[in-house]
Engineer: 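I am attaching a structure below and will ask some questions about it afterwards.
Counting begins at 1 with the first residue of the sequence.
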Amino acid sequence: MKSRHFSGRNIVALIVIIAVIVGFAVDLYTIQVRDNEYYAEQNNTVKTYVVPIEAARGEIVDRNGNSLVTNRQGNSITLNAVYFPSASESAQRNEIIYNLIQLFEKNGEEYAQNLPLTIDKKGNIKFTDDDDAVETMKSADMLNLQSYATAQNCFDAMVEKYSLEDYDDETALKIGNIRYELTRLLFSYENPVTIAEDVSDETVATIKEDQETYCGADVSVVAYREYVDSTIAPHILGTVREINAEEYSELKDEGYNITDQIGESGIEQAMESELKGTAGELTITIDSDGNITEEVTKEPIQGSTVVLTIDRDLQVLAQNELKKVCDEVDAYSSAGAVVVTDCNSGEILAAASYPTYDLDDYYDNYEELSTDSRNPLWSRFALGTYAPGSTFKPAVACAALEEGTITANTTFVCEGVKTFYGQEFQCLNGNAHGTENVKTALRDSCNMFFYNCAINLGITKMNEYASEFGLGSKTGVEIAESTGTLATPENRENSGGIWNIGDTMQAAIGQSDNLFTPLQLANYCAAVANGGTLYEMHFVKSIISSSTGVVNEKGSTVLNTIDLSETTLDLVHQGMRLVATNGGPYLIFNALDTEVACKTGTSEVVVNGVKRNNGFLITYAPYDSPEIAISTVVEMAGSGTETAEITAEIVDYWYQNNTDAKTNQKVGTLLS
């Protein structure tokens, strides 16, 4: 009889088996006996997810409470991960999305198509023109391809990623667009993704009535930005767009979601923190049996109302008159701007730029607008800089009078042409004005008088006063604006040039390197009119909280107080009054019931090789007690007089046809 022999290997195996059995027994005891209540509770754990509820943006109204930008309710179609097949169920996802696409196309709805791939007529896969979107598509977070990947490579990767092999290329691309959107916008239980916006009631009804075919598709009532008149003040109001990935990364801790809208330009951008609402919360609960309940646990709060300083009707008038005059000058090439400001507060009552654009068409026509040679998207009143011509002369007159280089009795003889330092200088149009004092020199826009002022003053003193009037500095408005340029020897030398005495003389008549915005010219005119107080210009009058109703008034900010004597002010005011009564625009301004004071100006430009003049005009009214200041510029107008029609219409409206509105504006109680 053979004896049994257990090798060391068998003994080890037996010990391991016994240890495993004992381990399972211990775990079974722990689960079933010792911690039975804990695991039973875990099995019944309720899962909760918090989904943000979009808050409407705040409204934008004019100074009298007239709506400019508001919201309307519409329906969007979102995919909700709670009801939508999981990522592992790709075929089911694709089938539902295909059903939705067929419904969208049948009803003429637009749906998400942010995948930068297209198919040409020959069936070739091509990239779109959006290079940034192509780069994003190839990134590690999306298709994870090398930068040199072709459009076909990207398409193939998309088909593989989303299991679209059973569809033809055209259908695969359509479905891929929505699958890509889910990836791009971080689709999850907490983050439903909108795939179609502003859809029809017919589409809404179909989806609600057939949740099996469109499983996971949900209808959301959302607020869409709406303009009472999308042509009013587009350069002031600005635009909104979807937040981009970089902005979301920076702002998510401030309550932004990847699907939020954000201000892109103008007041929409400048007042983003006020206009953005506070998102609400929808809590979704899934119990152990798979039952789903939803509850709004936090109501969304609409953004605050932004009250602007502009007067809607005055803004419309300014826009229409500016267009009219520009088209009369040159319907194909002329452009311009007009600014109306309150002399005693810095509030901007109207600001127009031409050519302009329609906010409703901005995104649809962006490529055309951005490549238009006339630059309709360019805000000429805030970003355009111009040599101001003779509108600069009141500042020089103030400087010369204050510094004592001239007095009320100082005269210079104008013979039309004169040689200074070996160089010939001409007066305006070569006119010989004869003996001129400061008032008549302003009336006649006599270059010779101001050449002499420049020689006696010097560029440093002249610029000191120009700076005091805010020329060559930003005005403080909430939207983007240019700084402008004050002609100085330092700036000339920094650009590689040489400054001569002749440049000082040219600077005194608003030429040389002087470049100012229409906003600056209006504010400078207001400071001359009100006796030397330079206010910060602003478009925002107040903010009204949607949650509390509290009104936060912006108020006025004084940037500078210019120390000007009564004598200086009287002489300059009288000179500017003479321009209105006896100067170039006298026929237009003498017909007004309201007395005004003004200064015209021209500056030479070269357009297509031809020398032309831009026309400028600064005006304040009423003459005896200034309330408003106006600056106008019309490119290629020939002279400032040609812009006087715009100013006259504004003054006439403000003081003759706007009595009710003016009373309301002073009360300041229209909004609540």
Engineer: Angle between ring planes, Phe412 versus Phe449, binned at 30° and 60°: parallel, tilted or perpendicular?
Structural biologist: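 The arrangement is perpendicular - the two ring planes meet at more than 60°.
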
Engineer: Is Lys554 salt-bridged to Glu347, cutoff N-O under 4.0 Å?
Structural biologist: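 Salt bridge absent between Lys554 and Glu347.
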
Engineer: Output every pair passing side chain to side chain donor-acceptor pair (under 3.5 Å) with a member in residues 575-584, not counting sequence neighbours, ordered by first then second residue.
Structural biologist: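 Qualifying pairs: none.
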
Engineer: Using ring centroids (six-membered ring only for Trp), state whether Tyr357 and Tyr362 fall under 6.0 Å.
Structural biologist: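 Here the rings of Tyr357 and Tyr362 have centres that are less than 6.0 Å from each other.
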
Engineer: Would you list the pairs meeting side chain to side chain donor-acceptor pair (under 3.5 Å) in which at least one residue belongs to residues 403-414, sequence neighbours left out?
Structural biologist: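 Counting only pairs at least two positions apart or across chains, the side chain to side chain donor-acceptor pair (under 3.5 Å) contacts touching residues 403-414 are Glu403-Tyr465, Thr407-Thr410.
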
Engineer: Please list all pairs meeting side chain to side chain donor-acceptor pair (under 3.5 Å) that have one or both residues in residues 519-529, counting only residues at least two apart or in different chains.
Structural biologist: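 Found none.
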
Engineer: Out of curiosity, Tyr620 OH to Ser625 OG, how far, rounded to the nearest 0.5 Å?
Structural biologist: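 If we round to the nearest 0.5 Å, Tyr620:OH and Ser625:OG are 10.5 Å apart.
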
Engineer: Locate the shortest heavy-atom distance separating Arg380 from Gly336; write the atom from each residue and the value.
Structural biologist: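 Residues Arg380 and Gly336, closest heavy atoms: CD-O, 3.7 Å.
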
Engineer: Side chain of Asn614, backbone of Thr602: donor and acceptor closer than 3.5 Å?
Structural biologist: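 Not confirmed, Asn614 side chain does not pair with Thr602 backbone.
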
Engineer: Give a yes or no on whether the backbone of Asn463 and the side-chain of Ser467 come within a donor-acceptor separation of less than 3.5 Å.
Structural biologist: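 Yes, because the side chain of Ser467 sits within donor-acceptor range (under 3.5 Å) of the backbone of Asn463.
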
Engineer: Please find the pair of heavy atoms, one from Ile618 and one from Thr391, that lie closest to each other, and give the distance.
Structural biologist: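 Residues Ile618 and Thr391, closest heavy atoms: CD1-O, 3.7 Å.
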
Engineer: Measure the CZ-CD distance between Phe616 and Glu642 for me, rounded to the nearest 0.5 Å.
Structural biologist: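 Here the interatomic distance stands at 13.0 Å.
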
Engineer: Considering non-hydrogen atoms only, spot the tightest contact between His235 and Pro355 and give its length.
Structural biologist: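 That closest heavy-atom pairing would be CE1-O, 4.0 Å.
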
Engineer: Starting at CD1 of Ile232, measure out to CG of Asp313 and round the result to the nearest 0.5 Å.
Structural biologist: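 Output value for this atom pair is 8.0 Å.
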
